[in-house]
There are 2 protein chains.
Amino acid sequence: MSRKTPVKPARAKQKRLSADDRRSEFVTRATELFAEEGFGGGTRALARKLGVTQPLLYRYFPSKDDLIKEVYRRVYLGPLEPGWDKLLSDRSRPLRPRLQDFYQTYTDAIFTRKWLRIYLYSGLKGLDINRWYVGMVKDKILTRIIRECRHEAGLAVSKPSAAELELAWVFHGGIFYYGVRKYIYDAPVLEDKAQMISDALDIFLAGFERIAENAADRRRAPVKVAG
Amino acid sequence: MSRKTPVKPARAKQKRLSADDRRSEFVTRATELFAEEGFGGGTRALARKLGVTQPLLYRYFPSKDDLIKEVYRRVYLGPLEPGWDKLLSDRSRPLRPRLQDFYQTYTDAIFTRKWLRIYLYSGLKGLDINRWYVGMVKDKILTRIIRECRHEAGLAVSKPSAAELELAWVFHGGIFYYGVRKYIYDAPVLEDKAQMISDALDIFLAGFERIAENAADRRRAPVKVAG
DNA sequence: ATCTCTGGTGATCACTCGATAAACTGGCTC
DNA sequence: GAGCCAGTTTATCGAGTGATCACCAGAGAT
């Protein structure tokens, strides 16, 4: 109490951050704001969240749109982990636990209120980055899953057919929609996410196996086209 | 050209609609506008779509919020068909074609750009009507599906367990997400919707059967809990 | 032909939005 | 301590928002 302390006096209002820190803080709080309010959220509301004034934003971003782009970059690229493809394709392990592990970590990464809401808002705006992400899911996840499933079923591993890809999308979308229900709709869901994934996998793998058998049968003895 | 025509001269600017027609037109075009722009879409842009001036809106709706509520009512209640529960529960037909028919007509009703976008926007706003709709899907569709599946599998038909409901949600969400990919993300999807539904059903039913068998096994000879 | 009722318009208010320019300030070097 | 400089604020602009008011106009009844 008595010392006049040349050390920082625990200033009531933290100000004068370094440029990098301030810029980063803008992106962080903007993500929160836009996740809740959509990208119509105001720059003044954002500044209030940081405890600064609104024009300060324009020292760090030329326009609100640039800030939004930065938010996209961080949200989309942030949780992206490079080990996922390895996890899916590692044939030294049985396929089922591979898929279980993958969807466990994948949903751990994206099942947050912030991520899902930003994702849907960007999807509704039809932005390129959203298209890019969807393509990434298809190429890096779904085609890989199909390939592994075909391998497991003893089928030739070629490019997945459109129908197979759709199958994988429906499966993937079913799991994804769990997150939407929980974090967007705030609807009650089965609390045990791991069980949900496990059950979804049971159904998908059992179903895929049956389909694969049928496909194999059809290849051996093609049935006539309905008509 | 020469006749002074007391008949309506095919007026260039249609004006002076009846109150009911004008009000209805406001809701229709507002649905289009809000589907594209979100509910931030402006009242002036709306009026422009009708070819009238903006203050006219306030002859028919006390506020923009009331207009939005009317949009919700029409969008959510419009495609709701009362025959759905009958379709699902009609045990004179095999379960699979029942489900195929149901999802065919259900997705015919809601897989439009307008419906899906309005639905997601309202979901992001966390409105009561969205919660109501989700509850309706659960009660009127999913529990019924589970009940019929249990009946088909020769299991006792009681209240569906939380895990079973989740199963149905994942299945339903997978199909729903097809619409999201097609109409929200504008992503390429398997064009044949009926086949997508058919394949999803194949997988779901085959999977459910297997799960049901396991559940029956477990009831006969309970396995020890993993530990 | 005139009156009246009602669908529709023009002008405008108070407010919020994104963005800009100029002034201020606190810590740093010389 | 003088002076600079980067981080921050104050004041403000122009455009766009939802909403209100007084007014207009045209078809139907008398």
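Being a predicted model, the structure only gives us computed values, none of them experimental. Just so it is clear, the values below take in all heavy atoms, side chains as well, and ignore hydrogens, waters and symmetry mates.
- Put simply, CD on Glu166(B) and CD1 on Ile197(A) are 10.5 Å apart, with the number rounded to the nearest 0.5 Å.
- Judged by the 6.0 Å distance and 45° axis criteria, Lys125(B) is positioned over the aromatic ring of Phe39(B).
- A side-chain N or O of Tyr103(A) and one of His172(A) form a donor-acceptor pair less than 3.5 Å apart.
- Ion pairing between a basic and an acidic side chain is recognised when a charged N comes within 4.0 Å of a carboxylate O; Arg113(B) and Asp186(B) show such pairing.
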Report task. Treat primed atoms plus P, OP1 and OP2 as sugar-phosphate and everything else as base, then score nucleotides 11-20 of chain C 5' to 3': B for base contact with protein heavy atoms under 4.0 Å, S for sugar-phosphate contact only, - for none. Result -> BB----BBBB

Pairs: protein N or O with nucleotides 3-7 of chain D N or O, under 3.5 Å:
residue, atom, partner, partner atom, Å
dA6(D), N3, Arg16(A), NH2, 3.0
dG7(D), OP1, Ala19(A), N, 3.2
dG7(D), N3, Arg16(A), NH1, 3.4

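- Nucleotide dG18(D) holds its P atom 14 Å from the CG atom of Asp66(B), rounded to whole Å.
- Between the side chains of Ser122(A) and Tyr76(A), at least one donor N or O sits under 3.5 Å from an acceptor N or O.
- Residues Val134(A) and Trp169(A) form a side-chain contact, since some pair of their non-hydrogen atoms from C-beta on lies under 4.5 Å apart.
- Remark: the Thr105(B) side chain and the Asp108(B) side chain contain no N/O donor-acceptor pair separated by less than 3.5 Å.
- Between Glu37(B) atom CD and dG16(D) atom C1' the separation is 14 Å, expressed in whole Å.
- Among residues at least two apart or in separate chains, there is no salt bridge (Lys or Arg N to Asp or Glu O under 4.0 Å) pair with a member in residues 54-64 of chain B.
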